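Okay, structure first, notes after.
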Amino acid sequence: MNLANPLALFGLLLAAAVVWLYRRPLRWRRETVAADYLWQQAMAVEPARLKWQPWRRKASLAVWCGVVVLTVFALAWPQAARPQRIVLIVDNAALGGSQAQPPLASNDGFANIKSLVAEVVAERNEADQITLLTAAPVAALCGPTSDSAALAAAVESLAPAEQPAAVADAVAVARTAIGAANDGRAVFVGRKPAVRGELGAWDISDVYRDERTFAEPAAVTDAIERAPRWAVGRTWPALWLFPAGLALGLATLGWCLEQRRWLE
Amino acid sequence: MLLDAELLCRLRYHALAARRAAAGPGRGPAGNRWRPVGLELVALRDYAPGDDPRQIDWTWCARRDELLTKVYAGELDRRGYVLLDCSRSMGWGEGTKFDLARQIAAALTYCGLWQGECRGLTAFAERAVGQVAWLRGVPRFAAAARFLETLCVSGDGTDLAAAAVGFVRRRQPLGELTVISDCHDPRGLGPALDALLAAGYRPRVVHVYDPAERECRTLGDVELADIESGESRQVVVTERIAAAYRRLYDEHLSGVRAACAARRVVCWQWPHDTPLETVLTTVFGP
């Protein structure tokens, strides 16, 4: 959660505006009536709930402030759009990485891997910093960058290597590249998913692209390091808070409309 | 212009119909046996269509080539008055009640004059604010029309009883008296009718109202301003209070009818947008 979010600050300004509006003297709507004595009789017959009336304005202010605070919280919550540091480890070994793999029948298998890497790069958020790392040998094709052109060039320069892949070394380099970033990610792209032993103590999200099938096997493994557990599905709190705030706002609006406070 | 030429023509028709109706049931135009009550000839007036030819002063006609109708003492004794409410509440809303009230007053006065009655008009709010008395003959209708056209809503309230008592104290000859008002008097219509009945007048009530008065246009924090006194109060109008007001307004309408029925007084209630023709048809018959 980051209250330095510009939208959150704007929300706090909105709260200040709401309080200011409520502190202004109430403008009474003037209604000219022909039979004032009938109105007086009506007031005597059905008196307004006098105990409630002094609190009505304060309650309305509290509800609106609640709506604003909820909205601010929702805005300040980590968003999917926050930039991440992603290290893309590509198993470019011609024989299929560290595991025993059948030899490739053709170069189509590596083309699948390249297309998968290009797809992962294309699906990133604009601000995500991506490092493209090959596992055979362990080398960075492009440093942490969000430049689409540089990333595309790096993906294009991927080529199969004859030597075996050093996945463990590549993971170690990736760990270094992520460093102390709170929401770093390492994505392993190879002919088959990486296994826990290869990625050390990292959590492996095995829900990533399991359904993908290629003529030649290809797989992506998503590993997450140092990110809070809730950040795995980091959009859900915002998705929950926004409708909640919206619902509360609508409820307040309905209440105000019922009281005809804002109708002229 | 309160009454245009076409409407005046229709009014003459209505007055004629009323006169025939007064002659008794079963008597058509050919059998009109309407007679003046008295026997003493006191005046001559302009001939008006519908007059009995036998009452025309043919001698005068032969000498001056002018049709005049004889007026007898009994005819002059027939009097009619209009008590017209011109309080500020009559001017409330769009297409005000006051316009219809003035038209009704003008129509009643014109018909009365056309039938040879002596007519009087009194405008009141919380007290009498002006009057035109002792009108005789159709030509004097111009004075009544002028009075009505220059009349505007005024005063700080409506006091029907005070207006009735004030009218009675002027000791005007007895006759039929039509009260035209929206009856927005907190004290009600009863005391006024009692005062008029006790004095021997034959009152009838024309209650003009605006249906929009029944509706509450705004809810919530409202500053209610009384159109009559100008005083305002800040109140919180809830649905319950609005419903109570609507109920009280309905009771006000039925209360006017009940007050008249209890005293055997004729009462008509019309919304402010009622066509004058409908009013005339109801008052004078089709």
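Please read all numbers here as calculations on a predicted model, not as lab measurements. What you see below is based on every heavy atom in this structure, not just the backbone, and it leaves out hydrogens, waters and symmetry mates. First the proteins, then the strands, lettered A, B, ... as listed; each starts at 1.
- Closest approach of A/A42 and B/L248 over heavy atoms only: N-CD1, 3.3 Å.
- Looking at every heavy atom in both residues, A/Y37 comes nearest to B/D185 through OH-N, 3.9 Å.
- Of the two parts of B/H184, the backbone and the side chain both hold a non-hydrogen atom closer than 4.5 Å to a non-hydrogen atom of chain A.
- Proximity to chain A (any heavy atom under 4.5 Å) is shown, for B/Q234, by both the backbone and the side chain.
- Using a 4.5 Å cut-off between heavy atoms, B/D182 makes no contact with chain A at all.
- Your options are B/A225, B/G93, B/A244, and the one with the most heavy-atom pairs under 4.5 Å with chain A is B/A225.
- Taken from CG in A/L38 to CD in B/E213, the straight-line distance is 9.0 Å, to the nearest 0.5 Å.
- Rounding to the nearest 0.5 angstrom, the gap separating the CD atom in B/E223 from the CZ atom in A/R29 is 11.5 Å.
- Looking only at side-chain heavy atoms (C-beta outward), B/V237 and A/M43 come within less than 4.5 Å of each other.
- Closest of all the heavy-atom pairs between A/A34 and B/K97 is CB-NZ, 4.3 Å.
- The backbone N or O of B/A242 lies less than 3.5 Å from no partner atom in the side chain of A/W39, so there is not a single donor-acceptor pair.
- Residue B/R88 does not touch chain A at all, counting heavy-atom pairs closer than 4.5 Å.
- We find the CG-CD distance between B/D226 and A/Q40 to be 8.0 Å, quoted to the nearest 0.5 Å.
- Taking chain A as the reference chain and counting heavy-atom pairs below 4.5 Å, the highest number among B/H252, B/R233, B/M90 is found for B/R233.
- The CZ atom of B/R247 sits 11.0 Å away from atom CD of A/Q41, with the distance rounded to the nearest 0.5 Å.
- Annotation: B/R169, atom CZ; neighbour count of heavy atoms from other residues, nucleotides and ligands within 6.0 Å does not exceed 12.
- Annotation for A/T32 and B/W92: closest pair O-NE1, 2.8 Å, computed over non-hydrogen atoms.
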